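A quick write-up on the structure given underneath.
Any value given below was found using the heavy atoms of this structure, including those in side chains, with hydrogens, waters and symmetry copies removed. A note on names: the letters A, B, ... follow the listed sequences, proteins ahead of strands, and every chain is numbered from 1. Values in this document were obtained by computation on a predicted structure and should not be read as measured data.
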Number of protein chains: 2
Amino acid sequence: MAKKQTDSIADDLEAMILEGVFDDNQRLDEVQLAKRFSVSRTPVREALQRLTQAGLVEQRPRRGVFVRQPGAIELLEMFEVMSELEAACARYAASRISDEALEELREANEKCEQAVREQDPDRYYLENERFHHIIYAQSGNGFLEAEASRLYRRLKPFRRLQLRLRGRLRQSMAEHESILRALTDGDADRAAGVMRQHIAVQGDKFHHLLSTLKTAAE
Amino acid sequence: MAKKQTDSIADDLEAMILEGVFDDNQRLDEVQLAKRFSVSRTPVREALQRLTQAGLVEQRPRRGVFVRQPGAIELLEMFEVMSELEAACARYAASRISDEALEELREANEKCEQAVREQDPDRYYLENERFHHIIYAQSGNGFLEAEASRLYRRLKPFRRLQLRLRGRLRQSMAEHESILRALTDGDADRAAGVMRQHIAVQGDKFHHLLSTLKTAAE
DNA sequence: AGTCAAGTTTTTGTATACAAAAACTTTGTC
DNA sequence: GACAAAGTTTTTGTATACAAAAACTTGACT
């Protein structure tokens, strides 16, 4: 039993916020949360400090804590940063990747291909996640890997959604192949460039999706 | 008066950790800190949760919180990430920067030049900081700007130290000129490349510095 | 009805209380 | 003297208490 109370409450709340359980600007009631987790306010408040630092929540003095959901612009910005972090991973991985990891990437890609054939976005997403995380790890830079993973977690729900757009699965697949080729060739610049595009396009797609939704709602 | 207690304690502690007031692995005594800040343990513990999330401190269950100072390898890794974030800023800024900002960069550079002539590393560092932050802002991406600034804060003491190496001031200056030219030309790839090198070399210098120090100590 | 002030309730921020775990001290044994 | 077991102190994690600020309610006045 660790310092679990605060830890697990923070984890649970983070997951809930990322899953979109709370609306933007929704106030989180300490007392209510304390009841729900069957603890006192103390560990809840400590967990909320963590979320504050992570930027998932905002504290307004003497008012309470409020959920922060990214809007269209911030989301696009986050995808831009994600694209740069992943491009960096690919760049370093190009010279540092091991043969075993290249083999794993090939395997992941084959399973992705299978998922494409079966039109199974969930399955695709699972293997796609593996593909990307292998590259994070193969950057040979633990700090970069951690930062990339952190932002990945944050964007996961949106990356997932975007895959349901028509034709996107196939296109994504082709980009994976291209990335794998660049890594196999050990071409750092090409790997970085292709990866950057691969992620940036997701942000663009998503942004486009949001704006059409918004126009439709008016 | 805001939610100041927790906030300002967190800020103070962060500054102290970054300044190297505490050793790596040093335990932070809640009671002692509470006394020092003339508050109870509660706000201190909340501040420590923030530092935990920021990665400045590690919590071992039932043992306490311990300061985490990056070692040589982690530092090099952080410089690599910094180089990529700043390269990204330069890349976006190349197409998004305003004429006024370009003028400000020129001004900052001139003041840097003056500091080089006067052999004044502190003055140089001040203007250098301005130079870099203008580029963060001109990336036109608030999230990227925030992430770059965050890591900048973390590395600031080390970036600073590295400037005292012989010839580094002059070299750094030349790189600034080169970055400015690329931005003026609107050449995104060149701006990114030069910036990446400009930062990465700092990490290398620092890493080299540390290894020679370590070898000398043995 | 709408507005505003006084009073009431809720909620936040901080201090304190307390149990359980860890660290430290003492004392007895070989 | 080295070691170990029992007891003592310290420290952590959590609950609770309480004051001050904010939010809400009520009722008088225009």
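Residues passing the ring-ring contact (aromatic ring centres under 6.0 Å, His included) test with B/Tyr125: none are found, sequence neighbours excluded.
At the phosphate of D/dA23, OP1 or OP2 sits under 4.0 Å from a side-chain N or O atom of A/Arg63. OP1 or OP2 of C/dT12 sits under 4.0 Å from a side-chain N or O of A/Arg27.
Of the residues in residues 40-47 of chain A, A/Arg41, A/Arg45 come within less than 4.0 Å of DNA chain C through at least one heavy atom, sorted by number.
Within the 4.5 Å cutoff, the side chain of A/Phe79 has heavy atoms near those of the A/Arg159 side chain. No side-chain heavy atom of A/Val65 sits less than 4.5 Å from a side-chain heavy atom of A/Arg45.
Regarding A/Leu33, its CG atom lies at a distance of 16 Å from the C1' atom of C/dT10, rounded to whole Å. Summarising the geometry, the separation between CZ on A/Phe66 and C1' on D/dA23 is reported as 12 Å, rounded to the nearest angstrom. Taking atom CG of residue A/Asp7 and atom C1' of nucleotide D/dT14, one finds them 14 Å apart after rounding to whole Å. Atom CD in B/Gln59 sits roughly 7 Å away from atom P in D/dG13 (whole-Å rounding). Rounded to an integer number of Å, the gap from B/Lys35 NZ to C/dT16 P is 13 Å. Rounded to whole Å, atom C1' of D/dA17 lies 15 Å from atom CD of A/Glu30. What separates CZ of B/Arg60 from P of D/dT11 is a distance of 16 Å, to the nearest Å. Atom CD in A/Gln49 sits about 13 Å away from atom C1' in C/dT14, given to the nearest Å.
For B/Arg106, the CZ atom is densely surrounded, since the number of other residues' heavy atoms within 6.0 Å is greater than 12.
A/Val39 comes within 4.0 angstrom of sugar-phosphate atoms only, judged by non-hydrogen atoms across all strands, and of no base.
Of the candidates D/dT12, D/dT14, C/dT14, C/dT14 carries the atom nearest the B/Thr6 side chain, counting heavy atoms from C-beta on.
Checked for salt-bridge contact, A/Arg68 and A/Glu74 meet the test: a charged N lies under 4.0 Å from a carboxylate O. Remark: B/Arg50 does not engage B/Glu14 in a salt bridge, criterion side-chain N to carboxylate O under 4.0 Å.
Aromatic pair A/His133/A/Tyr152: centroids less than 6.0 angstrom apart.
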